[in-house]
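Heads up, the thing below is written out as structure tokens.
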Amino acid sequence: MGKPERMHQIVSLVSKESEPVIVVLSALSGTTNSLVEIGTHIAKGDRNAAKQAIDKLEEHYQAFIADLLKKPATLTKAKNILAEHFEFLNIILKISFSEALSKDILAQGELLSTKLFCTYLEEQGVEHALLPALEFMTIDSYDEPQIGSIKIRLSQLLQHHKDKKFFVTQGYICRNARGEVDNLKRGGSDYSASLIAAAINATVCEIWTDIDGMHNNDPRIVKRTVPVEQLSFDEAAELAYFGAKILHPASIWPAQTYKIPVKLLNTMQPAAKGTLITQDAGSVGVKAVAAKDNIIAIRIKSSRMLLAYGFLRKIFEVFEKYRTPIDMITTSEVAVSLTIDNPVFLKEILKELEPFGTVEVDHNQAIISVVGNEISQTTDMVKKLFGSIMNIPVRMVSYGGSPHNISLLISAEYKTQILQQLNKGMFGLE
Ligand code: ASP
Ligand code: MG
């Protein structure tokens, strides 16, 4: 959501619906980035830079409301909303920094967007109710959403507004186990929407962005791509982790668990089909290829692995200890290779792996994922896949982990080339 037009558009989209709708809003475009920047300045003790960034953001919002609202009464109301939230940011400047405070800063984006949107609805005379996310969206001490209590609290809130059909709430923000304001990580509004859809057993969860769904390849890298019309949850989960990040990866599980169809739609072309994600894959065959950069590959070679049991467990425990997810894994009788994308604890992890054998690390790797219904079972597909990339050195292959995915690890320097060759080889697109 960048321009006031987006807010106008939401109203016209919602008014076409006969069923009640909950609109989950993210912050205005660029806002969360600015808030991250403000937080970083404050953490570093650079109050001047923080103050400048706050003022710049406020200017942006003043212009936004002047454009959004026409009536003096609602404009005054919006000015008061800005005053309240920017005063809060200015007060924070004077307090000593803490992690909890930085989450409070980040929450301002969604608090502002929803309040301003409701003011716009008021101006338009549209009946609605604001459901404060901080009153129902909760995460536990492992940062996992508590779907059970979200369900209960949200339905209680909805009970208070039985006469309404149009609800607005904040994406991204939530309360943590300590009762503090927290969030569902960057891009988390999709996750909020999916959790809410699951909690109310919605007919559909629509994610509106400015791209017409998931594409068969990365449009930033290859010339021609086509939107994928239908994906199963499993296929979408494989893809969400990669490429253009059009969907927050965690947003798949709530929809999948509660069987809520998800639609990825484009605000620029509201009539376009977009991508439908359901239990059912639609068609057999390859749907998309995607890449993920900044992957680190680790190989642990140990003669003691030969015929031993418990070796993998000990290795995995090291990663678990540092809460670092492993993405790909391949094994031989005496070695195991695996990949991670989070380098924060790399040094500690390598040190703890040392006693298990020789450890080698390769930075700057990329995972290429080929996703499709039952692709690894279709010999023709596998032949086509490897046939089209024979000239590229492959470091790891993951095949058979899921019937819907084949993943390759390559050095990142080959990424563009491999995506182009796969576009031609698998989809016949140049
Ligand atoms: N505003 C948050 C972000 O920029 C959440 C979202 O947009 O989904 O990450
Ligand atoms: Mg997003």
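We count ligands from 1, going down the list as the structure has it; atoms in each ligand are counted the same way. Because only heavy atoms are used, hydrogens play no part in the values below, and waters and symmetry mates are left out as well, while side chains stay in.
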Are there more than 12 heavy atoms of other residues, nucleotides or ligands under 6.0 Å from atom NZ of Lys351?
->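 No - once you tally the heavy atoms of other residues, nucleotides and ligands closer than 6.0 Å, there are 12 at most.
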Just wondering, are more than 12 heavy atoms of other shown residues or ligands nearer than 6.0 Å to CD in Glu229?
-> no
Shortest heavy-atom approach to atom 1 (N) of ligand 1 - which of Glu110, His248, Lys185 =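 Minimum heavy-atom distance to atom 1 (N) of ligand 1 goes to Glu110.
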Can you find a pair of side-chain heavy atoms, one from Ile315 and one from Leu338, that are under 4.5 Å apart?
->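 They are in contact (side-chain heavy atoms under 4.5 Å apart), so the answer is yes.
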Closer than 4.0 angstrom: is that true for some heavy atom of Gly188 and an atom of ligand 1?
-> yes
Closer than 4.0 angstrom: is that true for some heavy atom of Gly187 and an atom of ligand 1?
->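 It does; at least one heavy atom falls under 4.0 Å.
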Between Glu352 and Lys321, is there a salt bridge with N-O shorter than 4.0 Å?
->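 Judged by the 4.0 Å cut-off on N to carboxylate O distance, Lys321 and Glu352 do form a salt bridge.
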Taking 4.0 angstrom as the limit, do Lys292 and Asp327 come out as a salt bridge?
-> no
If a pair satisfies side chain to side chain donor-acceptor pair (under 3.5 Å) and one of its residues is in residues 55-69, list it, with sequence neighbours excluded.
-> Thr31-Tyr61, Lys51-Asp55
Under 4.0 Å from a heavy atom of [X]: give me the atoms of ligand 1 that qualify, with their elements.
X	answer
Ser26	6 (C), 7 (O)
Thr32	1 (N), 2 (C), 3 (C), 4 (O)
Arg186	3 (C), 4 (O), 9 (O)

So is there a nitrogen or oxygen of Tyr172 less than 3.5 Å from a nitrogen or oxygen in ligand 1?
->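 There is no such contact.
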